[in-house]
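Okay, structure first, notes after.
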Amino acid sequence: MDNDTHAPATAEAEVAHDFPGLIRVFTDGRIQRFKGTDVVPPSTPTTHPVSSKDVTLNPHSTLSARLFLPTPPSTTTNQRRSLPLLVYFHGGGFCTSSPFTSTYHHYIAAVAAEAKLVAVSVEYRLAPEHPIPAAYEDSWAALQWVASHRSNAGPEPWLNENVDFGRVFLAGDSAGANIVHNLTMLLGDPDWDIGIDILGVCLVHPYFWGSVPFGSETMDLDKKAVLDRLWPFVCPESPDNDDPRVNPVGEEAPSLAWLGCRRVLVCVAEKDVLKERGWIYYNALSRSGWMGVVEIKETQGEGHVFHLLDLASDKAQDLIKRLALFFNRDQPPSI
């Protein structure tokens with residue numbers, strides 16, 4: 001499904017930016033998105049025992065999210081629960097998709113059911129209409145909204161009545177994983193304290209890049225060329241692929257020792273061109289002096305965000321179970 005926005009087509013229009021299968025921008029202002037434009041209601045049935053609803057996070061903006069709540073056992077229907085909380089950020093190269101697509105609706109429902117947690121799947125503004133830093137700003141605002149429930153007195157009853165704010169996790173795939181990293185770096189700075197601690201973060205097939213290629217990145221020059229153009233497209237005010245927000249291990253990047261969480265899980269896929277960056281991030285974090293625990297999982301024989309393409313596949317189910325294990329591990333002692 002594609003989605004045209006802005007100006008009507010003109011005979012003279014030419015392609016200004018083209019990211020095959022993702023987005024195309026014309027010189028007359030039209031934008032075509034080739035994925036992630038569908039919208040399903042929160043009532044859309046899933047195969048998992050969860051409830052879902054959409055909420056507005058800021059009445060003065062369009063910022064919103066889709067919430068997921070596992071169906072409680074009949075014996076605890078009227079009792080307050082104490083479940084982990086997952087704040088999730090979707091992928092899409094900062095320029096496509098939303099929590100309201102069929103793909104993310106079913107995926108986050110599956111994760112919430114498997115891990116028995118409350119999930120907040122965050123919407124953020126997309127480039128090129130809203131270039132970086134809009135996605136980071138919206139994601140930070142969403143995290144502040146979540147934190148407003150830490151004393152069980154926020155605006156959303158599902159969070160007030162069901163969440164253990166000692167077990168808060170952030171996760172995302174691709175560009176969403178990039179957002180998670182950047183938020184967690186902010187949270188490591190005392191000046192950005194929001195009143196809750198992040199127990200762990202999951203970076204699934206994270207979108208990191210850089211000007212110097214590594215390893216297998218040089219073996220697929222077409223994909224490399226597309227990725228070389230992506231950050232300048234979504235962040236024209238700072239188009240350098242070594243911007244610390246997209247290259248967290250570059251010379252100008254702050255130390256990963258500042259990362260503001262206790263545990264990290266990095267997930268990569270063998271045939272994903274971004275795999276090298278995931279491994280580099282894992283190794284750099286391991287050596288940084290950060291006082292947490294970092295793990296990595298590589299899925300063999302699969303490509304970028306393979307799990308979103310077939311949630312029922314054995315390898316997708318294996319990944320979801322691995323995430324659930326991470327979310328449900330006993331809370332480590334304070335460090």
Side-chain angles (χ1 to χ4, degrees), residues 3 5-6 23 31 33 35-44 51-69 85-105 107-109 111-112 117-151 153-160 162-163 165 168-187 192-196 198 201 207 234-235 237 245 260:
N3 181 37
T5 62
H6 297 311
I23 191 171
I31 297 173
R33 289 183 167 90
K35 61 187 296 184
T37 61
D38 64 301
V39 174
V40 299
S43 59
T44 300
S51 301
S52 178
K53 65 178 176 180
D54 294 342
V55 295
T56 299
L57 307 186
N58 184 341
H60 305 295
S61 74
T62 60
L63 186 62
S64 60
R66 179 157 293 181
L67 274 54
F68 296 83
L69 178 68
L85 174 65
L86 170 63
V87 186
Y88 194 87
F89 302 90
H90 67 82
F94 289 106
C95 57
T96 66
S97 206
S98 82
F100 314 119
T101 64
S102 176
T103 294
Y104 281 105
H105 176 78
Y107 172 52
I108 303 303
V111 173
L117 51 72
V118 179
V120 178
S121 186
V122 176
E123 181 187 33
Y124 53 84
R125 288 172 293 168
L126 301 175
E129 300 96 325
H130 305 283
I132 298 292
Y136 297 132
E137 293 169 347
D138 290 351
S139 300
W140 181 256
L143 201 53
Q144 290 178 304
W145 178 85
V146 167
S148 72
H149 297 79
R150 60 189 175 275
S151 299
E156 175 46 54
W158 280 12
L159 271 61
N160 293 332
N162 296 282
V163 168
F165 279 92
V168 178
F169 296 87
L170 309 183
D173 61 273
S174 196
N178 176 293
I179 290 172
V180 168
H181 161 75
N182 282 286
L183 292 182
T184 312
M185 288 298 291
L186 284 180
L187 291 167
W192 291 85
D193 179 49
I194 59 172
I196 59 173
I198 303 301
V201 303
Y207 166 48
V234 300
C235 187
E237 73 170 22
R245 292 170 293 184

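G154 and H149 get closest at one heavy-atom pair: CA-CD2, 3.4 Å. Of all the heavy atoms in A127 and C95, the pair that sits closest is O-CB, 3.1 Å. Between G91 and S174, the closest heavy-atom pair is CA-CB, 4.3 Å. Looking at every heavy atom in both residues, G260 comes nearest to I198 through O-CB, 3.8 Å.
Rounding to the nearest 0.5 Å gives a distance of 9.5 Å between OG of S139 and CG of N182. With rounding to the nearest 0.5 angstrom, the CG atom of N162 is 11.5 Å from the CG atom of L117. The distance from atom CG of L143 to atom CG of D138, rounded to the nearest 0.5 Å, is 12.5 Å. Remark: L170 CG to L187 CG distance equals 7.0 Å, nearest 0.5 Å. Taken from OG in S121 to CD1 in I108, the straight-line distance is 5.0 Å, to the nearest 0.5 Å.
Residues K35 and I23 are not in side-chain contact: their nearest non-hydrogen atoms beyond the backbone lie 4.5 Å or more apart. Between S148 and P155 the shortest side-chain heavy-atom distance falls below 4.5 Å. Looking only at side-chain heavy atoms (C-beta outward), V120 and L86 stay at 4.5 Å or farther from each other. Put simply, the side chain of L85 reaches to within 4.5 Å of the side chain of V146, judged on heavy atoms. When side chains are defined from C-beta on, T96 does not count as touching T37, because their heavy atoms never get closer than 4.5 Å. W140 has its side chain within reach of L183: a pair of non-hydrogen atoms, C-beta onward, lies under 4.5 Å apart. Side-chain contact between E129 and I31 is present, with at least one heavy-atom pair separated by less than 4.5 Å.
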Trace of the side chain to side chain contact (heavy atoms under 4.5 Å, CB included) decision for V122 with W145:
CA-CA 11 Å; V122 176; W145 178 85; over 6 Å; no
Kindly indicate, with the supporting measurements, whether the criterion side chain to side chain contact (heavy atoms under 4.5 Å, CB included) is fulfilled by I194 and I196.
CA-CA 6 Å; I194 59 172; I196 59 173; 3.9 Å; yes
What verdict does the ring pair (Phe, Tyr, Trp, His ring centres under 6.0 Å) test give for Y136 and F89, after you've listed the backbone C-alpha separation in whole Å, the side-chain angles of each residue and the deciding distance to 0.1 Å?
CA-CA 10 Å; Y136 297 132; F89 302 90; over 10 Å; no
Under the side chain to side chain contact (heavy atoms under 4.5 Å, CB included) rule, what do W158 and S51 come out as? Steps first, then yes or no, please.
CA-CA 10 Å; W158 280 12; S51 301; 3.8 Å; yes
Apply ring pair (Phe, Tyr, Trp, His ring centres under 6.0 Å) to H105 and F68, showing your working.
CA-CA 9 Å; H105 176 78; F68 296 83; 5.7 Å; yes
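Centroid-to-centroid, the aromatic rings of F169 and Y88 stay 6.0 Å apart or farther. When ring centroids are compared, H90 and Y124 come within the 6.0 Å threshold.
Under the 3.5 Å distance criterion, with hydrogens and angles disregarded, a donor-acceptor pair is assigned to the side chains of E123 and S64.
Between the S98 side chain and the F100 main chain, a donor and an acceptor come within less than 3.5 Å of each other. Not a single donor-acceptor pair under 3.5 Å links the side chain of R125 to the backbone N or O of L63. Judged by distance alone, with hydrogens and angles left aside, the side-chain atoms of T44 form no donor-acceptor pair with the main-chain N or O of V40 at under 3.5 Å. Between the side chain of H181 and the backbone N or O of A177 there is no donor-acceptor pair closer than 3.5 Å. The backbone N or O of R245 sits less than 3.5 Å from a side-chain atom of N178, completing a donor-acceptor pair. For the pair T101 (side chain) and S97 (backbone), a donor-acceptor distance under 3.5 Å is absent. Here the side chain of T56 pairs no donor or acceptor atom with the backbone of P59 at under 3.5 angstrom.
Take E156 and apply the salt bridge (charged side-chain N to carboxylate O under 4.0 Å, His left out) test, not counting sequence neighbours, and it matches K53. Not a single side-chain hydrogen bond (donor to acceptor under 3.5 Å, both in side chains) links Y207 to another residue, sequence neighbours left out.
Pairs engaging residues 57-67 under the salt bridge (charged side-chain N to carboxylate O under 4.0 Å, His left out) rule: D54-R66 [sequence neighbours left out].
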